[in-house]
Amino acid sequence: MKKLVLKLLAVYTLIGCAVPHKAVAQMALDNSEIEASMIKALEWQEAHPIFAIAPTDWTAGAYYTGVARAHKTTKDMMYMAALKNQAYNNDWQTYNRLYHADDVAISYSYLYVGMNDNRPGFVNLEPTQKFLDAHLFEDNIWKSGKDKTTSGKTILWWWCDALFMAPPVLNLYAKHTNQPKYLDEMHKFYMETYNQLFDKEERLFARDMRYVWKGNNKDEKEPNGKKIFWSRGNGWVLGGLALLLDDMPKEYKHRPFYENLFKVMASRILELQPEDGLWRTSLLCPEAYDHGEVSGSGFYTFALAWGVNNGILDKEKYQPAVKKAWQALKKCQHSDGRVGWVQNIGASPEPASADSWQNFGTGAFLMAGSEVLKLK
């Protein structure tokens with residue numbers, strides 16, 4: 001009954017968010033309009049701060065990664081001002097769980113500021129270094145395999161979201177400090193997650209071990225009998241892969257693995273794009289919550305556009321999908337700049353609404369716009 005009510009609500013409220021396929025195909029992208037939408041999103045989010053635990057948590061980390069990518073493309077000082085203000089106000093700190101990948105995501109923005117600001121003494125990356133050294137080189141309950149819960153917390157990055165939170169930071173830190181050992185350690189732990197959670201048949205990541213089928217009657221299933229693959233979870237991975245590849249040295253020995261995984265996942269995500277352009281929260285059971293969702297869709301749009309812009313994905317095949325997705329994303333933005341239709345904090349497919357928003361949804365929107373602006 002609950003899902004039926006949600007579906008009916010979606011039918012009436014998503015009209016302003018969806019765009020007919022033929023209409024989208026005929027629309028030309030207006031870069032000035034895209035930039036204006038992005039600035040409005042930034043201004044609204046800065047005026048309405050929100051976080052899950054603290055201003056240094058993963059939600060802010062994802063948001064300010066979007067702000068960093070927006071600045072990288074546009075060079076608009078509004079973005080840099082926001083980046084510097086939050087870094088200074090945070091005293092350049094991570095959050096305090098040194099074993100938890102989520103709590104270093106904020107450092108992507110600190111590193112970006114550090115690589116683009118030359119004022120002596122302004123940037124302080126010592127907290128980031130402290131976190132990364134402890135995270136990689138010290139033992140903890142997950143690495144030791146002592147946590148026997150059903151989520152599979154026997155590796156450092158036991159949930160797929162982690163592949164957005166820590167690897168791009170490690171990659172960027174290795175690049176910024178010219179210390180390749182951090183990149184090699186990143187690859188070691190990335191492979192553990194890949195081997196544990198990547199479904200080669202579906203070409204998607206399970207969120208954690210609860211959703212990996214073991215061939216018994218305890219396997220979690222969608223109402224249609226299919227495996228559960230969370231849209232934002234896979235958005236974390238694909239968006240994280242684009243961030244990784246953007247900064248990873250071209251000659252890095254393991255780069256072909258990441259390029260191949262990126263292309264494999266991109267092809268699957270393209271196959272699963274609904275007609276209106278926005279992916280549903282459940283990738284293999286879209287009818288469960290039959291409305292678009294912005295955070296997963298924003299990360300997909302960013303990643304696919306990045307792939308086109310960097311010659312990794314075929315332009316003719318992927319660019320129409322990117323344009324369609326962006327137009328649909330833009331329809332989910334309120335007139336005041338707020339980005340709606342964002343699934344709230346979670347770990348599996350759940351509904352969204354026109355009035356549901358989170359800072360990481362704004363981050364995904366900014367990331368998408370940052371690459372859509374580069375399309376030719």
Side-chain angles (χ1 to χ4, degrees), residues 58 97-105 107-108 131-175 177 179-214 227 229-230 233-269 299 303 306-307 312 347:
W58 65 270
R97 300 172 298 179
L98 301 183
Y99 61 95
H100 204 303
D102 283 1
D103 293 355
V104 78
S107 288
Y108 187 95
F131 186 107
L132 295 180
D133 286 344
H135 190 71
L136 295 176
F137 305 118
E138 294 180 8
D139 194 21
N140 62 59
I141 189 172
W142 295 344
K143 286 181 185 176
S144 65
K146 294 177 182 177
D147 188 322
K148 302 300 184 182
T149 54
T150 57
S151 298
K153 300 178 182 180
T154 56
I155 58 175
L156 182 60
W157 300 333
W158 53 266
W159 70 115
C160 73
D161 321 23
L163 299 183
F164 180 97
M165 307 302 172
V169 172
L170 284 160
N171 185 43
L172 198 58
Y173 186 79
K175 178 180 180 178
T177 64
Q179 296 185 76
K181 70 175 183 178
Y182 289 97
L183 189 52
D184 290 335
E185 288 296 305
M186 182 281 293
H187 178 70
K188 179 179 75 175
F189 290 117
Y190 199 107
M191 291 305 300
E192 288 184 349
T193 309
Y194 171 81
N195 290 331
Q196 183 157 299
L197 298 181
F198 186 64
D199 187 314
K200 293 182 179 179
E201 180 180 336
E202 293 292 349
R203 293 171 283 155
L204 297 168
F205 275 80
R207 196 275 174 174
D208 56 59
M209 283 299 293
R210 291 173 297 171
Y211 304 104
V212 174
W213 278 15
K214 303 170 185 65
K227 297 176 182 178
F229 289 104
W230 181 32
N234 281 275
W236 289 127
V237 179
L238 192 59
L241 278 167
L243 291 174
L244 271 177
L245 289 167
D246 198 50
D247 288 305
M248 185 177 285
K250 301 293 185 186
E251 68 278 7
Y252 182 57
K253 59 187 174 182
H254 297 301
R255 184 181 175 94
F257 165 80
Y258 294 97
E259 286 194 3
N260 181 68
L261 179 59
F262 178 81
K263 289 186 282 190
V264 166
M265 286 192 71
S267 67
R268 183 59 167 142
I269 293 305
F299 291 130
W306 181 90
I312 294 177

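All residue numbers in this chain count up from 1 along the given sequence.
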Sub-3.5 Å donor-acceptor pair from the side chain of [X] to the main-chain atoms of [Y], do we have one?
X    : Y    : value
K250 : R255 : no
N234 : F205 : yes
K263 : G307 : no
Q196 : G152 : yes
K200 : F198 : no
T193 : W157 : yes
D147 : I141 : no
N171 : P167 : no

*Dump the intermediate steps for side chain to side chain contact (heavy atoms under 4.5 Å, CB included) on Y108 and L243, then the final yes or no.*
CA-CA 10 Å; Y108 187 95; L243 291 174; 3.7 Å; yes

*Give the C-alpha distance, both sets of side-chain angles, the deciding distance and a yes or no for side chain to side chain contact (heavy atoms under 4.5 Å, CB included) between E138 and L98.*
CA-CA 9 Å; E138 294 180 8; L98 301 183; 5.6 Å; no

*Is the ring centre of F299 less than 6.0 Å from the ring centre of F164?*
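Distance test on ring centres: under 6.0 Å, yes.
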
_Plane angle bin for F257 and H187 - parallel if under 30°, tilted between 30 and 60°, otherwise perpendicular_ =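 Correct class here is perpendicular.
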
*Would you please classify the geometry between the Y252 ring and the H254 ring as parallel, tilted or perpendicular, with 30° and 60° separating the classes?*
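The arrangement is perpendicular - the two ring planes meet at more than 60°.
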
*What pairs with Y182 under ring-ring contact (aromatic ring centres under 6.0 Å, His included), at least two apart in sequence or on another chain?*
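With sequence neighbours excluded, Y182 shows a ring-ring contact (aromatic ring centres under 6.0 Å, His included) to Y173, given in chain and number order.
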
*Could I get the full list of ring-ring contact (aromatic ring centres under 6.0 Å, His included) partners for W142, not counting sequence neighbours?*
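W142 satisfies ring-ring contact (aromatic ring centres under 6.0 Å, His included) with Y99, H100, W158, W159 only.
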
Rounded to the nearest 0.5 Å, what's the gap from [atom1] on [X] to [atom2] on [Y]? Could you check?
X    : Y    : atom1 : atom2 : answer
K148 : T154 : NZ    : OG1   : 7.0 Å
K188 : E192 : NZ    : CD    : 7.0 Å
L163 : M186 : CG    : CE    : 9.5 Å
M265 : L241 : CE    : CG    : 6.5 Å
L183 : L172 : CG    : CG    : 11.0 Å
E201 : K227 : CD    : NZ    : 5.0 Å

Heavy-atom closest contact ([X] atom, [Y] atom, distance):
X    : Y    : value
P168 : G240 : CG-O, 4.0 Å
D208 : S151 : CB-O, 3.5 Å
R97  : F131 : O-CE1, 3.4 Å
V169 : S107 : CG1-CB, 3.9 Å
A134 : K143 : O-NZ, 4.4 Å
A347 : Y211 : O-CE1, 4.1 Å

Would you mind reporting whether [Y] and [X] have side-chain heavy atoms less than 4.5 Å apart?
X    : Y    : value
L136 : F189 : yes
L156 : N140 : yes
W236 : R207 : no
W306 : I312 : yes
L204 : I269 : yes

*Show the numbers, then the answer: is there a side chain to side chain contact (heavy atoms under 4.5 Å, CB included) between M209 and L197?*
CA-CA 7 Å; M209 283 299 293; L197 298 181; 4.2 Å; yes

